[in-house]
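Encoded as structure tokens, the structure appears first; notes follow it.
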There are 2 protein chains.
Amino acid sequence: MKEPNSPDSPLAELCRQRGLKLTGQRRTIAFVLSDSDDHPDVEELYRRAVEVDPRISIATVYRTVRLFEENGILQRRDFGGGRARYEVADGDQGDHYHLIDADSGRVIEFENTELDSLLAGIVRQMGYDLVTTRLSVVGRPKAKGGTRD
Amino acid sequence: MKEPNSPDSPLAELCRQRGLKLTGQRRTIAFVLSDSDDHPDVEELYRRAVEVDPRISIATVYRTVRLFEENGILQRRDFGGGRARYEVADGDQGDHYHLIDADSGRVIEFENTELDSLLAGIVRQMGYDLVTTRLSVVGRPKAKGGTRD
DNA sequence: TTGCAAATGATAATCTTTCTCATTATTGGG
DNA sequence: CCCAATAATGAGAAAGATTATCATTTGCAA
Ligand SMILES: [Mn+2]
Ligand SMILES: [Mn+2]
Ligand SMILES: [Zn+2]
Ligand SMILES: [Zn+2]
């Protein structure tokens with residue numbers, strides 16, 4: 001009765017590597033996260049998870065997301081709006097930042113090594129080692145070439 | 001019976017300039033804010049306001065802080081921890097940023113024009129005009145001169 | 001001084017997240 | 001394959017922050 005199941009998602013693999021018990025729900029949530037390339041909040045993750053396993057509970061989504069974050073698997077983001085949002089954690093090197101379109105609310109990611117090192121340098125100069133950078137910028141689309149829309 | 005009252009605080013003055021009705025409570029909260037040079041949350045503001053006027057309500061502090069923020073008098077900050085924190089809004093030019101000491105939680109302000117223009121340049125290059133920068137860094141004090149504690 | 005619109009105080013409601021606890025599932029070792 | 005130990009889950013209660021409601025009070029302009 002041990003059919004070769006669909007292979008675990010990258011995040012489920014990570015989950016096992018960290019020695020976390022790999023439950024069906026965690027597998028589901030890990031899959032949903034691996035499958036996402038945006039910044040869903042818990043409600044949205046729950047909606048996506050229910051598509052895969054209708055018996056999952058939102059309490060478990062909250063718990064799992066916290067567990068994954070504590071284990072460096074997920075990153076919590078705060079774009080305002082009162083709910084935490086999540087995405088798969090960046091690798092060891094490239095952190096990334098977020099530009100929020102003031103009109104549409106769309107989140108646009110960017111990287112910038114000059115920004116990385118400038119920030120690190122500033123805090124070093126203040127006598128600290130940089131632990132976390134929490135940065136997001138809000139911008140309004142430049143009106144170029146006249147005022148037509 | 002109209003004794004020359006103690007002069008209004010800078011923020012109360014701003015309040016009047018914006019055409020906001022200047023109530024006793026707003027005067028009190030404006031005074032408390034003008035008097036603060038840290039980043040109090042609403043509970044803390046309420047505590048300080050009660051010292052001045054014991055009849056003030058926390059609902060009014062919430063309302064006033066929101067009103068002041070909507071009118072550009074206050075800036076809301078989010079340092080994590082689930083409660084909004086407030087400080088008098090910067091003038092037109094120099095925005096400032098925050099370094100949070102990971103050990104003590106202390107908030108240290110800093111300015112950096114290179115950072116200002118780098119951020120503005122990045123978002124411009126992405127086709128946007130910078131509206132708001134939300135930036136705080138968490139740092140751990142550098143252990144210098146050996147590993148002794 | 002009066003009147004009216006707006007603000008206040010008290011408290012209920014809302015919203016997100018965490019906690020509780022009885023039930024269920026995972027996993028390592030027989 | 002089965003058991004026991006242990007941890008995770010589901011449902012709902014609870015917590016914590018903020019906003020809404022509404023009767024009463026107040027600021028302010030006429
Ligand atoms: Mn927040
Ligand atoms: Mn500078
Ligand atoms: Zn991202
Ligand atoms: Zn500040």
Side-chain angles (χ1 to χ4, degrees), chain A residues 1-3 5 8 11-13 15-32 39-47 49-50 52-71 73-86, chain B residues 1-2 5 8 11-13 15-32 39-47 49-50 52-71 73-74 76-86:
Chain A
M1 210 167 189
K2 267 268 144 68
E3 315 264 356
N5 259 337
D8 282 337
L11 252 60
E13 222 39 77
C15 190
R16 152 177 305 133
Q17 273 174 38
R18 312 276 156 115
L20 304 173
K21 194 184 279 192
L22 194 44
T23 67
Q25 290 87 337
R26 288 183 183 169
R27 218 186 301 263
T28 296
I29 294 166
F31 167 77
V32 163
H39 305 84
D41 60 29
V42 170
E43 292 281 349
E44 178 59 30
L45 279 176
Y46 174 61
R47 263 176 245 123
V50 163
V52 179
D53 171 9
R55 288 171 309 177
I56 208 167
S57 147
I58 192 161
T60 297
V61 180
Y62 270 106
R63 272 190 290 244
T64 302
V65 122
R66 183 151 49 106
L67 179 79
F68 283 3
E69 204 236 328
E70 285 163 3
N71 284 81
I73 295 173
L74 276 190
Q75 268 184 280
R76 187 200 313 242
R77 305 289 189 183
D78 183 1
F79 300 144
R83 0 189 359 143
R85 300 172 64 171
Y86 293 89
Chain B
M1 211 165 193
K2 265 265 146 69
N5 259 336
D8 282 338
L11 252 59
E13 222 39 78
C15 192
R16 151 177 307 131
Q17 273 176 36
R18 311 277 154 116
L20 304 174
K21 195 183 279 191
L22 194 43
T23 68
Q25 291 87 337
R26 288 182 184 169
R27 218 186 302 264
T28 296
I29 295 166
F31 167 77
V32 164
H39 305 84
D41 59 29
V42 170
E43 292 281 351
E44 178 59 28
L45 280 176
Y46 174 61
R47 261 176 246 125
V50 163
V52 180
D53 172 7
R55 287 172 309 178
I56 208 166
S57 147
I58 192 160
T60 297
V61 180
Y62 270 107
R63 273 191 288 244
T64 303
V65 121
R66 184 150 48 106
L67 179 78
F68 284 4
E69 203 236 329
E70 285 163 4
N71 285 80
I73 295 174
L74 276 190
R76 186 202 310 245
R77 304 289 190 184
D78 182 2
F79 300 144
R83 9 200 339 149
R85 299 171 66 171
Y86 293 89

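Chain letters run A, B, ... following the sequence lines, proteins first and then strands; every chain starts at 1. Values in this document were obtained by computation on a predicted structure and should not be read as measured data.
Within a 6.0 Å sphere centred on CZ of A:Arg55, other residues, nucleotides and ligands contribute 12 heavy atoms or fewer. Within 6.0 Å of CZ in A:Arg18 there are more than 12 heavy atoms belonging to other residues, nucleotides or ligands.
An OP1 or OP2 oxygen of D:dA7 is reached within less than 4.0 angstrom by no side-chain nitrogen or oxygen of A:Thr23. Between B:Tyr62 and D:dT19, a side-chain N or O to OP1/OP2 separation shorter than 4.0 Å is absent. The phosphate of C:dG9 (OP1 or OP2) has a side-chain N or O of B:Thr60 nearer than 4.0 angstrom.
In this structure, the CD1 atom of A:Ile29 is 8 Å from the P atom of D:dG10, given to the nearest Å. If you take CZ of B:Arg83 and P of D:dT18, they are 7 Å apart, rounded to a whole angstrom. Look at CZ on B:Arg85: it is 17 Å from C1' on D:dT18, rounded to the nearest Å. Spacing between atom CG of A:Asp8 and atom C1' of C:dT26 amounts to 14 Å, rounded to whole angstrom units. Atom CG in A:Leu67 sits roughly 10 Å away from atom C1' in D:dA8 (whole-Å rounding). Taking atom CG of residue A:Leu20 and atom C1' of nucleotide C:dT27, one finds them 14 Å apart after rounding to whole Å. Atom pair A:Glu70:CD and C:dT17:C1' shows a separation of 13 Å (rounding to whole Å applied). Protein atom OH of A:Tyr46 is 13 Å distant from nucleotide atom C1' of D:dT9, rounded to whole Å.
Residue contacts shown for A:Arg63 include a base, since a base heavy atom lies under 4.0 Å away.
For the side-chain hydrogen bond (donor to acceptor under 3.5 Å, both in side chains) with B:Asp41, the qualifying choice from B:Arg83, B:Arg77, B:Arg85 is B:Arg83, the only one to do so.
For the pair B:Gln25 and B:Ile58, nearest-nucleotide mapping onto DNA chain C gives the more 5' position to B:Gln25. Place B:Arg55 and B:Tyr86 on DNA chain D by their nearest nucleotides, and B:Tyr86 ends up nearer the 5' end. Toward the 5' end of DNA chain D, the nearer of the two residues B:Arg66 and A:Thr64, judged by each one's closest nucleotide, is A:Thr64.
Side-chain atoms of B:Arg26 lie closest to C:dA7 of the nucleotides C:dT11, C:dA7, D:dG10. Nearest to the side chain of A:Val42, among C:dT17, D:dG10, D:dG16, sits C:dT17.
Residues B:Asp78 and B:Gly80 come closest through the heavy atom pair OD1-N, 2.9 Å.
For A:Tyr86 and A:His39, the ring centers are positioned 6.0 Å apart or more.
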